[in-house]
Protein chains: 2
Amino acid sequence: MLDDSETPDTSAPHSRSTAAERRERVLEVAMHEFSERGYEGGSTQRIAAAAGISQAYVFQLYGSKPRLFLAVIERCMEDMLTLFETASSGRGGSAALRAVGDAYLEMIANDPVRFQMQLVGYASCAQPDVRAAMRTGFGRVVELAEQRSGLPNAEVARFFADGMLLNVVTAMGLTSEPTPWGARLIDGSIGLGRG
Amino acid sequence: MLDDSETPDTSAPHSRSTAAERRERVLEVAMHEFSERGYEGGSTQRIAAAAGISQAYVFQLYGSKPRLFLAVIERCMEDMLTLFETASSGRGGSAALRAVGDAYLEMIANDPVRFQMQLVGYASCAQPDVRAAMRTGFGRVVELAEQRSGLPNAEVARFFADGMLLNVVTAMGLTSEPTPWGARLIDGSIGLGRG
DNA sequence: GTCGGAGGTTAGTGACCACTCACAACAGTG
DNA sequence: CACTGTTGTGAGTGGTCACTAACCTCCGAC
């Protein structure tokens with residue numbers, strides 16, 4: 001809009017943004033990078049290039065690589081909470097869990113970045129900062145499921161257990177390239193609140 | 001046995017081994033390294049140092065870093081299968097699952113390297129070689145549980161779902177530093193075949 | 001007693017890493 | 001127009017990375 005060129009994006013020599021906008025954009029591409037390569041494998045050089053800024057500015061915006069990674073983890077868990085809040089809005093009991101389960105299934109199918117980022121988060125829990133962020137985020141999600149559904153511990157736990165099984169089944173590609181034993185696992189699982 | 005020195009290990013200036021022994025030792029320390037730092041974060045320099053050999057020899061033994069990582073993944077899944085075979089030996093039905101569940105709980109408590117290596121494996125499934133190895137290994141474990149227990153799909157799936165929930169609960173430190181919501185999750189879970 | 005092969009090392013290679021510092025460009029305000 | 005703060009970059013820093021080529025060292029066999 002502000003540029004003289006017709007193509008809005010890359011060809012323009014400079015298009016300034018507010019720092020908040022840049023931070024947001026960097027966070028997005030960083031989640032993409034870290035989800036694909038993990039914390040150690042992720043490169044601030046590549047993140048900067050994908051965000052269209054210099055590497056130095058990434059450090060000005062986030063201070064250090066660990067801080068950027070932590071921001072990505074926190075955002076990832078916030079997104080999950082928002083997804084669950086939206087899906088369960090106005091519902092209660094097992095219908096709430098069912099709606100959340102559907103939303104989660106759709107996320108796994110359509111948002112591989114956030115799905116993979118979750119796995120990276122679990123694997124990075126050895127780092128105390130990461131573990132703390134994961135605990136906080138996951139705790140909020142569990143409490144939301146408890147409050148919205150009002151179901152007893154056993155059913156809520158069952159819901160999350162099925163979700164975790166679904167995670168590894170998906171990670172191993174058992175939905176896209178099935179195996180007999182994988183199909184039996186999926187068949188035997190309760191299906192995210194649909195029991 | 002072949003050495004002249006009494007201390008079998010570190011203090012001797014040189015103690016030659018067979019290549020097979022070296023490969024085994026490298027595999028052990030590599031699992032330690034990769035479990036702590038992930039694939040990208042793991043360093044062949046540190047692995048070599050921990051194994052007491054030069055970095056060059058690591059490459060002579062395993063060819064490349066991806067091949068070494070893959071060997072670690074395969075070994076990790078073999079160890080899991082062996083653990084489950086031993087635990088369930090001579091048992092059937094739900095008693096078999098209960099015994100396997102106990103063995104798994106003990107492994108999580110006493111062998112953090114193999115536990116953490118599992119999480120790294122799931123997070124590394126985007127790499128096709130790793131995914132294939134994880135599928136093969138996990139499939140064997142599932143089939144063993146099915147055959148030894150003879151239970152229907154739903155109960156076997158429930159067992160593995162609880163195991164996966166236990167994994168993330170442990171990764172987040174909810175057993176060592178509990179939270180109310182974490183305690184409710186653990187309480188509501190069926191407890192690895194003990195339902 | 002030498003010789004071949006298995007078991008190992010030294011000393012690099014260029015590439016990439018996170019991170020820093022000095023400085024440039026621009027926008028709004030007076 | 002000058003001034004000021006924000007947005008941004010160029011050009012490095014030392015360090016580590018995976019990986020390699022060439023060489024050394026020992027032991028058993030003949």
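Sequence lines set the chain letters: A, B, ... in the order given, protein chains first and strands last, and positions in each chain run from 1.
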*Kindly say if A:R46 contacts the phosphate of C:dC17, meaning a side-chain N or O under 4.0 Å from OP1 or OP2.*
yes

*Check the pair A:R25 / A:E28 against salt bridge (Lys or Arg N to Asp or Glu O under 4.0 Å), numbers first and verdict last.*
CA-CA 5 Å; A:R25 172 84 183 130; A:E28 279 171 28; 3.8 Å; yes

*For B:G41, answer base if it contacts any base atom (sugar-phosphate contacts may also be present), sugar-phosphate if it contacts only those atoms, and nothing otherwise; contact means non-hydrogen atoms under 4.0 Å.*
nothing

*For B:I53 and D:dC19, what is the distance between atoms CD1 and P respectively, to the nearest whole Å?*
15 Å

For nucleotides 20-22 of chain D, list the nitrogen or oxygen atoms of the protein found under 3.5 Å from its nitrogen or oxygen atoms, one pair per line.
none

*Looking at side-chain heavy atoms only, is the closest gap between B:N153 and A:L185 below 4.5 Å?*
no

*Could you go through the side chain to side chain contact (heavy atoms under 4.5 Å, CB included) check for A:V120 and A:I73 one step at a time?*
CA-CA 9 Å; A:V120 170; A:I73 291 280; 5.7 Å; no

*Using 4.0 Å as the upper bound for N to carboxylate O, is an ion pair formed by B:E143 and B:R148?*
no

*Grab the CZ-C1' distance between A:F34 and C:dA18 for me, whole Å please.*
11 Å

_Short side-chain N/O contact from A:Y57 to OP1 or OP2 of D:dT9, under 4.0 Å_ = no

*Please collect all salt bridge (charged side-chain N to carboxylate O under 4.0 Å, His left out) contacts where either partner lies in residues 42-54 of chain B, sequence neighbours excluded, each pair once.*
B:E33-B:R46

_For A:R184, is there an ion pair with B:E146 - N to carboxylate O distance below 4.0 angstrom?_
yes

*asked:* Whole angstroms only, please: what is the OH-P distance between A:Y62 and C:dT20?
replied: 17 Å

Dump the pairs, protein N or O against N or O of nucleotides 23-25 of chain D, anything under 3.5 Å, distances to one decimal.
from, atom 1, to, atom 2, distance (Å)
D:dT25, O2, B:R16, NH2, 2.9

*asked:* Tell me whether the rings of B:F138 and B:Y122 are parallel (<30°), tilted (30 to 60°) or perpendicular (>60°).
replied: perpendicular

_Less than 4.5 Å apart, side chain to side chain, heavy atoms only: is that true for A:T136 and A:M77?_
no

*D:dA18 phosphate, OP1 or OP2: any side-chain N/O from B:Q45 under 4.0 angstrom?*
no

*Write down the distance between CZ (B:R25) and P (C:dG8), rounded to a whole number of angstrom.*
13 Å

*Kindly state each residue pair satisfying ring-ring contact (aromatic ring centres under 6.0 Å, His included) with at least one member in residues 38-75 of chain A, sequence neighbours excluded.*
A:F34-A:F69, A:Y39-A:F69

*Does a side-chain N-to-carboxylate-O contact under 4.0 Å join A:R158 and A:D162?*
yes

*Rounded off to whole Å, could you give me the CD-to-P distance for the B:E40 and C:dC16 pair?*
13 Å

*Near-strand residues of residues 64-76 of chain B, defined as heavy-atom separation under 4.0 angstrom from DNA chain D*: B:S64, B:K65

*Are B:R22 and C:dG7 close enough that a side-chain N or O sits under 4.0 Å from OP1 or OP2?*
no

*Nearest-Å distance, OH (B:Y39) to C1' (D:dC17)?*
11 Å

*Output every pair passing salt bridge (charged side-chain N to carboxylate O under 4.0 Å, His left out) with a member in residues 107-128 of chain B, not counting sequence neighbours, ordered by first then second residue.*
B:D79-B:R114, B:D111-B:R114

*Would you say a side-chain N or O of B:S43 is under 4.0 Å from OP1 or OP2 of D:dC17?*
yes

